[in-house]
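Only one structure is covered here, and it is reproduced in the block below.
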Amino acid sequence: MTLWLNAGIIFTLIAIVVILFKWGNISCVGVTPVRTFTFIAILFTSGLDVGLIMFPLTEFAGYADLKSSPEYGFANPLAIEFAYWGFLIWGFYFVTCFYFCVIEPRVKFFDILWVKLINNVVIIGTCAFTAFLLLSNLPWYLPIVGNGESIVPSFYLIVLAVICFAVYSSTDIKYVRFLSISTTWLFITLIGFMWFGAFMGSDSQLSAFTDNLALIGNYFGNIDDFVLPLNAYHEFYLFWWFAWSIMIGQFTSRFVGGLKTYQLLGAMLIFPSIPIAVWFSVLYQYHEAGISTEGLKNFAMAVVGIVFVINSLDSLIRLYTDNLNMTVKRFGKFNYIVVNIVLLGLLTLLFKLEFIEIQWVGALVIGLFFACAIFIAYRKYKTVRNIDSSPEGNKVDYTKIERAN
């Protein structure tokens, strides 16, 4: 699996270089373009899940334990956490977003029956994994609901409610802009709230915060060391990013609003990484200073994590139901909601039983990457070589999303 993952990463990095060299200055326009701020909000809230909120405080200590993990010795725990979530790995999303915006409409590789089948298995499986992550992390963040260790019936009800909400919101694409922008502001509010709790008790709040931010510079100084997996846990993260990349690319490509290709890459690498860096710098203070997050802080993080899950599930449900023609128009709203709730609920339980692993999903995605490249080389090389713009039917019209359904 490691060799397969390494091949996928190298292929993706080469693809970024080829895209910039060949199409770096063309305007990328999706079928439902939105303004840049809205696009970034959709990208950020759809492209991340509950792990961003709930994982760091449980991981810093492991990255600092060089006795158990000496491979982390070249960087500090904050830089390592950022490496697992920020900057370069968003290039995975850039490759797929550009492909589905500019190339796929001419190639139609994902219209091939077996490709469509695998693609939707990936999307549905990752939906369920997202719900499972929420379920498995709730005991730590909401210990007052249970014993702080095991999953109790109330947590199943919370996850079921999240799935129900996400399925309902996926019935109309107009909800996506509201969800994405409101979640972005909610996350910014959470950062402010947690920052106050972490730094206001110190004599030099601003310098303590900037010192933490400076630690992330260690990532950029050692960025080459983070390209390939450091260990099995890093490998898990990279497979996870691959699993998400193909569907987030499909979803976000719809909303690109005329950015040049090089601007799109910059936007996707830089803008999501800024709030991630700030958030991790705040959480690192809690870890280093031994500040408790019990009570209201844990509850606030759980709430924002739940909202992130709703955003992610909304976008992914919308994607696979469109691909499989399981639309509200075809099924009716009631049947649409029931079918998707049952499907995601059952698959979430399969992840709970460890019947499915996200690494398998990521490996499938890498296989699709290679299959697509081979298909283009043998069947569509001239077509792709002659591409010099976004599809002709895609125009920068920010009112399209108002008319979509």
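Counting only heavy atoms from C-beta outward, the side chains of I42 and R254 never approach each other to under 4.5 Å. The shortest distance between side-chain heavy atoms of L324 and I124 falls below 4.5 Å. Residues W244 and T130 form a side-chain contact, since some pair of their non-hydrogen atoms from C-beta on lies under 4.5 Å apart. Looking only at side-chain heavy atoms (C-beta outward), F209 and S281 come within less than 4.5 Å of each other. Side-chain contact between L138 and I151 is absent, with no heavy atoms from C-beta onward closer than 4.5 Å. Counting heavy atoms from C-beta outward, I53 and W279 have side chains that approach closer than 4.5 Å. Side-chain contact between V102 and I19 is absent, with no heavy atoms from C-beta onward closer than 4.5 Å. With contacts defined as side-chain heavy-atom distances shorter than 4.5 Å, the pair I248/T96 does not qualify.
Counting only distance, with no hydrogens or angles, the side chain of S69 and the backbone of L66 share no donor-acceptor pair below 3.5 Å. For D65 (side chain) and A61 (main-chain N/O), no donor-acceptor pair under 3.5 Å exists by modelled atom type. Looking only at distances, a side-chain donor or acceptor of N137 sits under 3.5 Å from a matching main-chain atom of L133. Checked by atom type and distance alone, the side chain of S46 never pairs as donor or acceptor with a backbone atom of L43 at under 3.5 Å. Within the 3.5 Å criterion, the main-chain N or O of N231 finds no donor-acceptor partner in the side chain of E71. Counting only distance, with no hydrogens or angles, the side chain of S312 and the backbone of V309 share no donor-acceptor pair below 3.5 Å. Side-chain atoms of W90 never come within 3.5 Å of backbone atoms of A267 as a donor-acceptor pair (strictly under, hydrogens ignored).
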Worked check of side-chain contact (heavy atoms from CB on, under 4.5 Å) between F369 and V365 | CA-CA 6 Å; F369 278 23; V365 169; 3.6 Å; yes

Steps toward side-chain contact (heavy atoms from CB on, under 4.5 Å) verdict (Y99, I376) = CA-CA 12 Å; Y99 173 82; I376 289 174; 4.1 Å; yes

Give the intermediate values and the outcome of side-chain contact (heavy atoms from CB on, under 4.5 Å) for residues T126 and I358.
-> CA-CA 7 Å; T126 310; I358 196 63; 4.2 Å; yes

For K297 and F193, what are the C-alpha separation, side-chain angles and deciding distance, and is it a side-chain contact (heavy atoms from CB on, under 4.5 Å)?
-> CA-CA 8 Å; K297 294 184 179 71; F193 172 67; 3.9 Å; yes

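A pairwise comparison of heavy atoms in V256 and P33 identifies O-CB, 3.5 Å as the closest pair. The two atoms that bring A79 and N218 nearest to each other are CB-CB, 3.8 Å, heavy atoms only. Taking both residues in full, the closest heavy atoms of E235 and T2 are given as OE1-OG1, 2.5 Å, listed atom of the first, atom of the second, then distance. Minimum interatomic distance between W4 and A363 (heavy atoms only, all atoms of both residues): NE1-O, 3.0 Å. Minimum heavy-atom separation, V122 to M247: O-SD, 4.4 Å. The two residues K108 and P105 come nearest to each other via the heavy atoms CE-O, 3.1 Å.
The number of heavy atoms from other shown groups lying within 6.0 Å of OH (Y381) does not exceed 12. More than 12 heavy atoms of other shown residues, nucleotides or ligands fall within 6.0 angstrom of atom CG in L346. By the 6.0 Å contact criterion, CZ on F236 is enclosed, its count of non-hydrogen atoms from other residues, nucleotides or ligands being greater than 12. By the 6.0 Å contact criterion, CZ on F220 is enclosed, its count of non-hydrogen atoms from other residues, nucleotides or ligands being greater than 12. Counting non-hydrogen atoms of neighbouring residues, nucleotides and ligands closer than 6.0 angstrom, the CZ atom of R106 exceeds 12 such neighbours.
In summary, the side chains of E288 and N212 do not present any donor paired with an acceptor at a separation below 3.5 Å, with no hydrogens or angles considered. Between the side chains of W85 and Y237, at least one donor-acceptor pair of N or O atoms lies under 3.5 Å. Side-chain atoms of E59 and Y233 form a donor-acceptor pair, as typed in the model, at a separation below 3.5 Å. Donor-acceptor pairing under 3.5 Å is lacking for the side chains of S170 and D314.
Within the 6.0 Å centre-distance limit, the rings of F55 and W240 are counted as a close aromatic pair.
By the ring-ring contact (aromatic ring centres under 6.0 Å, His included) test, Y284 pairs with F60, H287, sequence neighbours left out. For Y219, the ring-ring contact (aromatic ring centres under 6.0 Å, His included) partners are F82, F226, not counting sequence neighbours.
One distance of note links CZ of F44 with CD1 of I274; it measures 10.5 Å at 0.5 Å rounding. If you take CH2 on W185 and CD1 on I188, they are separated by 4.5 Å, rounding to the nearest 0.5 Å. With values rounded to the nearest 0.5 angstrom, S169 atom OG is found 8.0 Å from N311 atom CG. A distance of 10.5 Å separates OH of Y286 from CH2 of W195, quoted to the nearest 0.5 Å. Here L238 contributes atom CG and Y84 contributes atom OH; the two are 8.0 Å apart, rounded to the nearest 0.5 Å. Distance check, rounded to the nearest 0.5 Å: CZ of F94 to OG1 of T261 gives 6.0 Å.
Ring orientation note: the planes of W23 and F98 are tilted relative to one another, at an angle of 30° to 60°.
With F242 as the partner, the ring-ring contact (aromatic ring centres under 6.0 Å, His included) test is satisfied by one option alone out of Y93, F370, F92: F92.
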